[in-house]
Amino acid sequence: MNEIAAAVVELAPALHRALERRADTEIDFPRPPDLQLSALRLVRRHPGTTVRELAGELQLKPNNASALVTAMVTQGLLVKEHDRADRRVVRLRLTDQARQRHDAVQGLFTGYVEAALAALTDSERRDVAAALPVLHRIVEQIKAGE
């Protein structure tokens with residue numbers, strides 16, 4: 001069991017580093033830092049996310065999430081909008097520039113993984129597909145253990 005756990009711990013960052021290094025050679029803009037990319041993914045999936053929701057999902061302290069959002073607003077990646085029903089609530093949306101950059105990076109990442117999957121056998125692709133729900137459960141169990 002220890003070997004499996006160690007392999008999973010090593011694999012995730014290795015995959016991410018490989019994707020980043022390859023993408024950095026193909027994009028013509030500075031790739032946002034990992035935490036910003038995670039925030040962009042979240043707000044892209046859930047437009048109107050609040051800073052509090054972002055903090056919870058990214059497992060950040062509220063003040064760190066607020067600083068992250070402020071920096072991203074300053075960089076032109078996020079827009080803050082007051083909620084129509086409750087003006088005290090601020091909702092986050094991607095700017096057009098952020099959406100284009102996020103889509104460019106995600107498109108490259110997806111393309112690299114698709115190419116790698118295409119080089120596998122059918123059986124290996126099925127194994128990868130079968131492992132995905134289990135890996136998601138591991139993430140959820142680790143999050144719940146806080």
Side-chain angles (χ1 to χ4, degrees), residues 1-2 4-118 120 125-146:
M1 186 78 81
N2 288 342
I4 295 171
V8 170
V9 168
E10 290 176 16
L11 179 63
L15 172 61
H16 192 69
R17 275 193 311 277
L19 292 169
E20 287 178 334
R21 286 188 183 127
R22 183 133 176 233
D24 284 345
T25 66
E26 296 188 43
I27 59 175
D28 60 354
F29 54 85
R31 185 179 47 76
D34 291 341
L35 190 54
Q36 286 188 4
L37 279 174
S38 295
L40 291 173
R41 280 187 206 103
L42 176 65
V43 175
R44 178 69 192 241
R45 277 192 321 269
H46 305 286
T49 296
T50 66
V51 176
R52 183 179 188 177
E53 292 166 342
L54 183 125
E57 185 64 29
L58 298 182
Q59 299 175 302
L60 297 173
K61 293 179 181 175
N63 60 326
N64 292 341
S66 181
L68 173 67
V69 167
T70 298
M72 293 178 74
V73 168
T74 300
Q75 295 168 8
L77 299 173
L78 291 178
V79 174
K80 292 180 176 180
E81 298 175 346
H82 288 283
D83 186 277
R84 291 183 182 141
D86 184 348
R87 303 283 297 162
R88 296 171 297 176
V89 175
V90 174
R91 303 219 170 260
L92 304 173
R93 301 210 185 279
L94 298 184
T95 63
D96 289 339
Q97 174 187 348
R99 188 174 294 106
Q100 291 167 354
R101 289 182 175 188
H102 172 268
D103 290 352
V105 172
Q106 287 304 113
L108 288 172
F109 283 8
T110 300
Y112 303 149
V113 174
E114 284 175 346
L117 289 169
L120 301 178
R125 280 191 294 279
R126 283 191 298 275
D127 290 346
V128 171
L132 293 175
V134 177
L135 291 170
H136 282 288
R137 282 188 50 217
I138 290 171
V139 170
E140 292 308 314
Q141 287 174 350
I142 292 170
K143 281 182 178 180
E146 295 181 338

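One is the number of the first residue; the rest follow in order along the sequence. The model shown is predicted, which means the values in this text are computed figures rather than measured ones.
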For the pair [X] (side chain) and [Y] (backbone), establish whether a donor and an acceptor sit closer than 3.5 Å, ignoring hydrogens and angles.
{"X": "Arg125", "Y": "Leu120", "answer": "yes"}
{"X": "Thr49", "Y": "Leu54", "answer": "no"}
{"X": "Thr110", "Y": "Gly107", "answer": "no"}
{"X": "Ser66", "Y": "Pro62", "answer": "no"}

Closest contact, heavy atoms only, [X] versus [Y]:
{"X": "Ala39", "Y": "Leu68", "value": "CB-CD2, 4.1 Å"}
{"X": "Leu94", "Y": "Leu78", "value": "CD2-CD2, 3.7 Å"}
{"X": "Gly48", "Y": "Arg93", "value": "N-NH1, 3.3 Å"}

To the nearest 0.5 Å, atom CD of Gln75 lies from atom CE of Met72 at 7.5 Å
Rounding to 0.5 Å, atoms CZ (Arg87) and NE2 (His82) come to a distance of 5.5 Å
Is the shortest heavy-atom distance from the side chain of Val113 to the side chain of Leu19 under 4.5 Å? yes
> Any Lys/Arg nitrogen of Asp24 or Arg21 sitting under 4.0 Å from an Asp/Glu carboxylate oxygen of the other?
Replying inline: no
Verdict with supporting geometry, Glu20 and His16, side chain to side chain donor-acceptor pair (under 3.5 Å):
CA-CA 6 Å; Glu20 287 178 334; His16 192 69; 2.9 Å; yes
Query raised in the report: Is the CZ atom of Arg52 crowded by more than 12 outside heavy atoms at less than 6.0 Å?
Result: no
Only one of Val73, Val79, Val51, Leu42 passes side-chain contact (heavy atoms from CB on, under 4.5 Å) with Leu92, and that residue is Val51
